[in-house]
Amino acid sequence: NFISAVVPPGEIGVKFDDIGALENVKKALNELVILPMRRPELFSHGNLLRPCKGILLFGPPGTGKTLLAKALATEAGANFLSITGSTLTSKWFGDAEKLTKALFSFASKLAPVIIFVDEVDSLLGARGGAFEHEATRRMRNEFMAAWDGLRSKENQRILILGATNRPFDLDDAVIRRLPRRIYVDLPDAENRMKILRIFLAQENLDPDFQFDKLANLTDGYSGSDLKNLCIAAAYRPVQELLEKEKENTGDTTSVLRPLNLDDFVQSKA
Ligand code: ATP
């Protein structure tokens with residue numbers, strides 16, 4: 001139970017089109033992962049083109065790193081196996097060696113597979129000095145050794161995808177094993193607009209709804225913040241309708257009014 005999820009590619013339910021913005025990130029992942037997983041024969045000759053074995057996604061919380069990892073597995077036709085750094089280190093007291101071997105042997109049976117390590121800093125962070133628990137240290141060393149074993153088998157189609165909000169907490173040994181590092185940034189106004197269009201695609205919006213205005217009102221918001229704002233705003237017409245019904249009991253013909261910009265402004269406050 002140190003694995004939080006194993007999902008086959010057809011059941012992940014997220015694809016690149018569900019992710020707004022982050023075009024450069026998707027493009028990089030396409031070249032680094034999707035193509036080699038889908039067409040391994042193109043990468044098996046010569047020395048220059050080798051499938052990448054480790055990628056780090058880093059950036060502020062809520063910018064879509066987990067979502068990208070899942071969508072990537074869908075797009076690459078790979079199984080998605082996810083583990084969380086902090087649960088691993090807290091649960092793995094004792095049998096680090098056995099558990100790491102079990103994890104990697106399980107993963108290799110699932111190939112093609114993307115092993116997503118969320119909070120990779122807490123699993124494989126900088127060496128913790130005097131306060132580091134012995135079990136954590138052993139676990140990390142085992143993990144690295146198993147990981148190196150993976151890298152030597154070129155065609156196994158196993159990728160480790162780490163994610164972190166704290167890239168500076170990673171030590172050199174991990175950085176070296178995650179040779180490709182991709183920054184997942186907060187969206188600018190134009191990209192916030194793209195993300196908002198995805199979240200609001202199915203909503204009943206006021207005909208004059210101005211996406212650019214909403215995008216300008218949400219400076220500094222992550223994708224996750226935008227989603228929470230949309231949920232809060234969408235709730236307002238529902239709440240209004242319920243209140244109206246309470247006032248004049250018996251009136252059940254009322255319909256939900258469309259969402260307008262003010263719902264967002266009020267929800268922000
Ligand atoms: P953390 O670093 O806190 O783990 P994260 O970067 O992994 O965060 P996610 O968990 O992927 O962020 O994002 C949280 C939610 O925010 C997603 O489930 C999704 O609903 C929404 N989201 C974030 N970014 C985007 C985006 N670019 N397009 C669509 N939805 C997004």
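Owing to the predicted nature of the structure, the values given are computational and were not obtained by experimental measurement. Counting convention: from 1, in listed order, for ligands and their atoms alike.
Counting only heavy atoms of the protein, atom 22 (N) of ligand 1 lies nearest to G223 C, 3.8 Å. Shortest contact from atom 15 (C) of ligand 1 to any protein heavy atom: S224 CB, 4.0 Å.
K65 and D118 are not joined by a salt bridge, as no carboxylate oxygen comes within less than 4.0 angstrom of a charged side-chain nitrogen. Using a 4.0 Å cut-off between a side-chain N of Lys or Arg and a carboxylate O of Asp or Glu, E41 and R39 qualify as a salt bridge. Checked for salt-bridge contact, D263 and R257 meet the test: a charged N lies under 4.0 Å from a carboxylate O. A salt bridge is absent between K244 and E247: the closest approach of a Lys/Arg side-chain nitrogen to an acidic carboxylate oxygen does not fall below 4.0 angstrom.
When heavy-atom distances to ligand 1 are checked against a 4.0 Å cut-off, K227 comes that close only through its side chain, counted from C-beta outward. When non-hydrogen atoms are compared, ligand 1 lies under 4.0 Å from the backbone of D18 (N, CA, C, O) but not from its side chain. Contact annotation for T66 and ligand 1: heavy atoms of both the backbone and the side chain come within less than 4.0 Å of the ligand.
Looking at F199 next to ligand 1, no N or O pair under 3.5 Å apart turns up. For a threshold of 3.5 Å applied to N or O pairs, the pair formed by I19 and ligand 1 contains no separation below that value. In terms of polar-atom proximity, defined here as any N/O pair under 3.5 Å, G62 does make such a contact with ligand 1. Here's the thing with P61: none of its N/O atoms is less than 3.5 angstrom from an N/O atom of ligand 1.
Here is the list of ligand 1 atoms found below 4.0 Å of a heavy atom in G20: 26 (C), 27 (N), 28 (N), 29 (C). Counting the atoms of ligand 1 from 1 in the order shown, those under 4.0 Å from a heavy atom of N165 are 2 (O).
N228 and D225 are not linked by any side-chain donor-acceptor pair at a separation below 3.5 angstrom, with hydrogens and angles left out of the test.
Counting heavy atoms from C-beta outward, I83 and F143 have side chains that approach closer than 4.5 Å. The closest side-chain heavy-atom distance from K101 to F106 is not below 4.5 Å. Using a 4.5 Å heavy-atom cutoff, the side chains of L81 and I114 are not in contact.
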